[in-house]
Amino acid sequence: MAEHETKNAPIVVCMPAFNEWASLALLIPDLSAALSAAGISARVLIVDDASTEPMPPDFLAGLVGPLPVDVLRLRRNLGHQRAIAIGLAYIAEHLPCEAVVVMDADGEDPPAGAVALVRAFRDDPHADVIFARRRRRVEGPLFRGFYAIYKAMHRILVGRTIEVGNFSIVPRAHVERLGAVMETWNHYAASVYHARIPNRSIPLDRARRLAGHSRMNFVALVMHGLCAISVYGDIVAVRLLVSTAALLGLSLAAAAALVAGHALDQAWAPLWAAAAAGLAAVALLQMLYLAGFASFLVLQNRSGTGFLPRRDYVHFVEGCVHVRG
């Protein structure tokens with residue numbers, strides 16, 4: 001798309017949703033009012049992730065404001081990360097836009113935050129992807145505790161932390177680029193980092209759900225975290241290989257030192273300690289084999305092409321309905 005066409009095109013707000021009609025009925029009017037007050041031309045694309053609850057008959061009646069709304073219906077439930085990938089691929093092919101705001105449909109990403117993202121994008125001379133970095137969270141202590149553990153694991157396995165979620169704005173050029181990023185199928189935010197797409201973040205507060213209850217139980221949260229780490233599968237495999245090899249070397253050195261010390265009648269080198277170090281070395285040798293096998297498997301998979309959002313999204317789209325505006 002030509003630069004002047006991009007500048008004159010609206011902002012598209014991409015919202016993955018699964019049975020979130022009550023929240024959307026409250027969120028879209030507030031979003032329309034916030035964007036209109038800021039002088040931002042926009043439209044909404046709801047990616048309906050094969051909701052089991054049909055759109056309520058009074059849903060359209062409650063959508064006040066000038067914001068156009070489209071509903072992209074998926075053939076099957078894919079989860080919100082893959083729904084985002086489908087939505088971005090659909091936008092890249094069908095909807096002219098200046099940029100895409102990715103936000104959740106439950107109201108936890110507030111309309112004021114969407115305005116702040118658009119303003120930050122328009123003030124950015126580099127046209128980076130801009131994420132919302134959570135300044136204040138509303139979750140309980142249990143969630144925060146597990147989130148701290150996840151961040152520590154991510155740091156150990158990947159070598160970096162990631163403190164952003166879906167709430168972001170993506171310039172049109174990067175929407176096109178993400179259509180060729182296979183990792184978007186597993187985790188949107190991690191794929192932006194892994195593909196080295198220029199990005200930064202701004203601090204924004206998280207709001208509370210507008211209606212209903214979150215469907216993200218403990219198992220779903222663990223899966224979400226593992227999907228983020230899986231994007232870096234090649235890095236994780238190599239880091240495990242190197243760290244296991246290092247631990248194996250230390251275990252063998254300790255066993256050798258203990259055996260030598262025992263042979264010289266040193267009190268600090270009991271034979272049972274040498275045996276324990278030897279058993280640890282055997283276990284680490286097996287881990288080294290598994291880590292090496294995983295590394296070669298992951299690196300071999302890099303030579304092939306998996307799911308490409310821009311090419312393959314059409315298989316999951318049932319249709320798109322223009323519902324208002």
Side-chain angles (χ1 to χ4, degrees), residues 1-18 20 24 27-28 31-32 35 40-51 67-75 78-105 109 111 113-115 117-118 121-122 124 127-132 165-189 191-192 195 197-199 307-325:
M1 177 178 290
E3 183 177 353
H4 71 279
E5 293 176 343
T6 300
K7 290 294 183 182
N8 294 331
I11 299 292
V12 173
V13 181
C14 179
M15 294 183 183
F18 178 73
E20 295 285 3
L24 285 166
L27 176 60
I28 291 177
L31 180 64
S32 180
L35 293 173
I40 299 170
S41 173
R43 67 183 305 125
V44 171
L45 178 70
I46 300 170
V47 183
D48 180 10
D49 193 15
S51 295
L67 204 62
V69 179
D70 299 310
V71 177
L72 183 69
R73 172 79 177 179
L74 303 188
R75 297 183 189 277
L78 296 171
H80 62 296
Q81 293 301 308
R82 293 181 173 182
I84 290 172
I86 297 293
L88 291 174
Y90 180 86
I91 292 168
E93 186 165 350
H94 295 281
L95 298 180
C97 64
E98 182 182 1
V100 177
V101 172
V102 179
M103 63 188 296
D104 291 339
D109 298 334
V115 172
L117 285 171
V118 174
F121 156 69
R122 289 180 172 172
D124 182 10
D128 294 342
V129 175
I130 303 176
F131 287 97
N166 300 331
F167 198 19
S168 59
I169 185 165
V170 189
R172 174 74 193 199
H174 295 322
V175 174
E176 300 281 352
R177 290 182 64 182
L178 283 169
V181 177
M182 293 179 291
E183 293 86 355
T184 311
W185 193 235
N186 278 345
H187 196 279
Y188 158 64
S191 69
V192 172
I197 295 176
N199 66 86
F307 179 89
L308 282 178
R310 187 64 182 271
R311 180 192 66 193
D312 301 326
Y313 82 94
V314 293
H315 302 299
F316 298 94
V317 173
E318 183 176 290
C320 186
V321 180
H322 185 68
V323 295
R324 72 171 302 275

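All of these numbers come straight from a predicted model, not from anything done at the bench. Basis for what follows: all heavy atoms, side chains included, without hydrogens, waters or symmetry-related copies.
The minimum heavy-atom distance between A89 and P309, with the atom names listed, is CB-O, 3.4 Å. Across every non-hydrogen atom of P10 and P96, the tightest pair is CD-O, 3.8 Å. Smallest separation of non-hydrogen atoms from A105 and L27: O-CD2, 3.9 Å. When every heavy atom of S51 is checked against every heavy atom of A17, the shortest pair comes out as OG-O, 3.9 Å. A pairwise comparison of heavy atoms in E183 and S191 identifies C-CB, 3.6 Å as the closest pair. Between A189 and G165, the shortest heavy-atom distance links the atoms CB-O, 3.7 Å.
You'll find the side chain of L35 stays beyond 4.5 Å of the side chain of P111, heavy atoms only. Contact of the V47 side chain with the Y90 side chain is not registered, since no non-hydrogen atoms from C-beta on lie closer than 4.5 Å. The closest side-chain heavy-atom distance from L178 to V181 is below 4.5 Å. Within the 4.5 Å cutoff, the side chain of R177 has heavy atoms near those of the I197 side chain. Within the 4.5 Å cutoff, the side chain of V71 has no heavy atoms near those of the C320 side chain. Side-chain contact between H80 and N166 is present, with at least one heavy-atom pair separated by less than 4.5 Å. When side chains are defined from C-beta on, I46 does not count as touching L72, because their heavy atoms never get closer than 4.5 Å. At a threshold of 4.5 Å between non-hydrogen side-chain atoms, the residues I169 and V118 count as touching.
Atom CG in L88 sits 5.5 Å away from atom SG in C14 (nearest 0.5 Å). Note that the CD atom of E98 and the CZ atom of R122 stand 4.5 Å from one another [nearest 0.5 Å]. Here the straight-line distance linking atom CZ of F121 with atom CD1 of I40 works out to 10.5 Å at 0.5 Å rounding. A distance of 11.5 Å separates CG in L67 from CD1 in I11, rounded to the nearest 0.5 Å. Here the NE2 atom belonging to H322 is positioned 11.5 Å from the CG atom belonging to L45, to the nearest 0.5 angstrom. Taken from CG in L24 to CE in M15, the straight-line distance is 6.5 Å, to the nearest 0.5 Å.
In this structure, T184 contributes its side chain and M182 its backbone to no donor-acceptor pair below 3.5 Å. Within the 3.5 Å criterion, the main-chain N or O of A50 finds no donor-acceptor partner in the side chain of R75. Here the side chain of N199 pairs no donor or acceptor atom with the backbone of D128 at under 3.5 angstrom. At least one donor-acceptor pair under 3.5 Å links the side chain of R82 to the backbone N or O of W185. Counting only distance, with no hydrogens or angles, the side chain of D49 and the backbone of G79 share a donor-acceptor pair below 3.5 Å.
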Inset, instruction - Please test Y313 against L308 for side chain to side chain contact (heavy atoms under 4.5 Å, CB included), starting from the C-alpha separation and ending with a verdict. - result: CA-CA 8 Å; Y313 82 94; L308 282 178; over 6 Å; no
Inset, instruction - Please report the C-alpha distance between I86 and V317 in whole Å, then the side-chain angles of each, then the deciding distance to 0.1 Å, and finally whether the side chain to side chain contact (heavy atoms under 4.5 Å, CB included) criterion is met. - result: CA-CA 8 Å; I86 297 293; V317 173; 3.9 Å; yes
Inset, instruction - For the pair V44 and L31, evaluate side chain to side chain contact (heavy atoms under 4.5 Å, CB included) and give the outcome as yes or no after the intermediate values. - result: CA-CA 10 Å; V44 171; L31 180 64; 4.0 Å; yes
Legend entry - CA sep, side-chain torsions, deciding dist, call: D48, E318, side chain to side chain contact (heavy atoms under 4.5 Å, CB included): CA-CA 10 Å; D48 180 10; E318 183 176 290; over 6 Å; no
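Taking the six-membered ring for Trp and thresholds of 30 and 60 degrees, F131 and Y188 have ring planes inclined between 30 and 60 degrees apart.
D312 pairs by the salt bridge (charged side-chain N to carboxylate O under 4.0 Å, His left out) definition with nothing, not counting sequence neighbours.
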